[in-house]
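What follows is one structure encoded as structure tokens, with my remarks underneath.
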Amino acid sequence: MCRWTPLVAHLSAEPAICTAPVPASSRRLPASFYLICFILLMVNASTATGACPPGGGHKPLQILSGGINCSWTLERHTRSYNHLEGDVRLRRLYSANKFFLCIDKTGKVDGTRRKNYADSLMEIRSVSVGVVAIKSVSTGLYLAMSKKGTLFGSVKYNPSCKFKERIEENGYNTYASLRWKYGGRQMFVSLNGRGKPRRGHKARRRHPSTHFLPMLPS
């Protein structure tokens with residue numbers, strides 16, 4: 001029989017001891033008996049010292065007076081969106097004013113109603129979370145915005161070519177310059193009712209001229 005000595009308050013007593021009466025006969029007890037007593041002794045000693053079982057990525061909730069509450073909670077990690085970086089889409093940006101955004105070989109940004117116009121096919125690449133670079137597939141020029149809010153085609157990719165892409169409530173996207181602002185206000189890519197680019201500081205997020213629908217090439 002194993003007799004256990006109970007622990008006193010604050011876990012400061014000696015660990016429980018497993019004892020067994022010596023049999024009347026001279027026969028030795030089996031090794032398994034001593035192994036079981038040893039395991040029980042080690043488990044009891046671990047509890048007495050206040051140790052908690054290990055848990056990968058876990059931690060104790062709190063230490064209570066007179067003992068330890070061995071409860072755990074999963075650590076919450078910041079969600080990572082790094083897998084979105086480098087994502088590439090081929091799209092035609094169709095404005096709510098019914099024009100396709102295009103960049104010609106001279107770097108001029110304009111709007112066209114021609115559905116399959118080569119200069120309107122864009123490569124939209126995610127450069128960071130919520131930020132994209134837009135490049136004409138046919139001309140290889142990047143859509144860029146100057147400090148004054150003018151749209152143009154840039155030969156080289158630079159900070160002026162970064163735009164914050166946002167999906168609006170009506171399902172259209174807006175593209176605001178990441179680098180430049182006007183009086184603390186965002187400047188948007190915009191095509192007016194004649195298909196001409198509008199200065200960024202004159203565009204507003206809710207105005208149809210700033211709304212674009214990324215369409216799959218046909």
Run the numbers on Lys196 and Asp110 for salt bridge (Lys or Arg N to Asp or Glu O under 4.0 Å), then give the verdict.
CA-CA 6 Å; Lys196 301 300 179 183; Asp110 211 343; 3.4 Å; yes
Here the gap from Asn173 atom CG to Thr210 atom OG1, rounded to the nearest 0.5 Å, amounts to 10.5 Å
Can Ile124 be reached from Val109 by stepping across I, L, V, M, F, W or Y side chains whose heavy atoms are under 4.5 Å apart?
yes
Pairs where residues 129-164 contributes a residue and the test ring-ring contact (aromatic ring centres under 6.0 Å, His included) is met, not counting sequence neighbours:
Tyr142-Tyr157
To the nearest 0.5 angstrom, please state how far the CG atom of Leu141 sits from the CE atom of Met122.
9.5 Å
What distance separates Ile167 CD1 from Leu213 CG, expressed to the nearest 0.5 Å?
10.5 Å
For Ser190, which of His207, Arg198, Lys202 qualifies under side-chain contact (heavy atoms from CB on, under 4.5 Å)?
Arg198
Hey, what do you get for CD1 (Ile134) to CD (Glu123), rounding to the nearest 0.5 Å?
11.0 Å
Once you round to the nearest 0.5 Å, how far does OH of Tyr175 lie from CG of Leu151?
13.0 Å
Between Ala144 and Ser154 the two heavy atoms that sit nearest each other are CB-CB, 4.0 Å
Is the number of heavy atoms from other residues, nucleotides or ligands under 6.0 Å of Arg113 CZ greater than 12?
yes
Without hydrogens or angle criteria, can the side chains of Trp180 and Ser160 be said to hold a donor-acceptor pair below 3.5 Å?
yes
Assigning hydrophobic clusters by single linkage (Ile, Leu, Val, Met, Phe, Trp, Tyr; side-chain heavy-atom cutoff under 4.5 Å), is Phe100 placed with Leu93?
no
Looking at Asn170, Thr174, Asn97, which hits side chain to side chain donor-acceptor pair (under 3.5 Å) with His211?
Asn170
Answer yes if Ile103 and Val137 sit in the same cluster of Ile, Leu, Val, Met, Phe, Trp and Tyr residues linked by side chain heavy atoms under 4.5 Å apart, and no otherwise.
no
Say whether, by atom type as modelled, one donor and one acceptor occur between the side chain of Arg194 and the main chain of Leu191 under 3.5 angstrom.
no
Arg125 side chain near Val132 side chain, heavy-atom distance below 4.5 Å:
no
Taking all non-hydrogen atoms of both residues into account, name the closest pair between Ser95 and Phe212 and its distance.
CB-CE2, 3.6 Å
Using the rule side-chain contact (heavy atoms from CB on, under 4.5 Å), only one of Gln186, Met187, Lys181, Arg185 pairs with His201; which is it?
Met187
Do the side chains of Asp119 and Lys105 get nearer than 4.5 Å, heavy atoms only?
no
Atom CG of Leu143 and atom SG of Cys161: how far apart are they, to the nearest 0.5 Å?
7.5 Å
Under 4.5 Å between side-chain heavy atoms, hopping through other hydrophobics if needed: is there a path connecting Phe188 to Leu178?
no
Which heavy atom in Met145 sits nearest to a heavy atom in Gly200, and how many Å separate them?
CE-CA, 4.3 Å
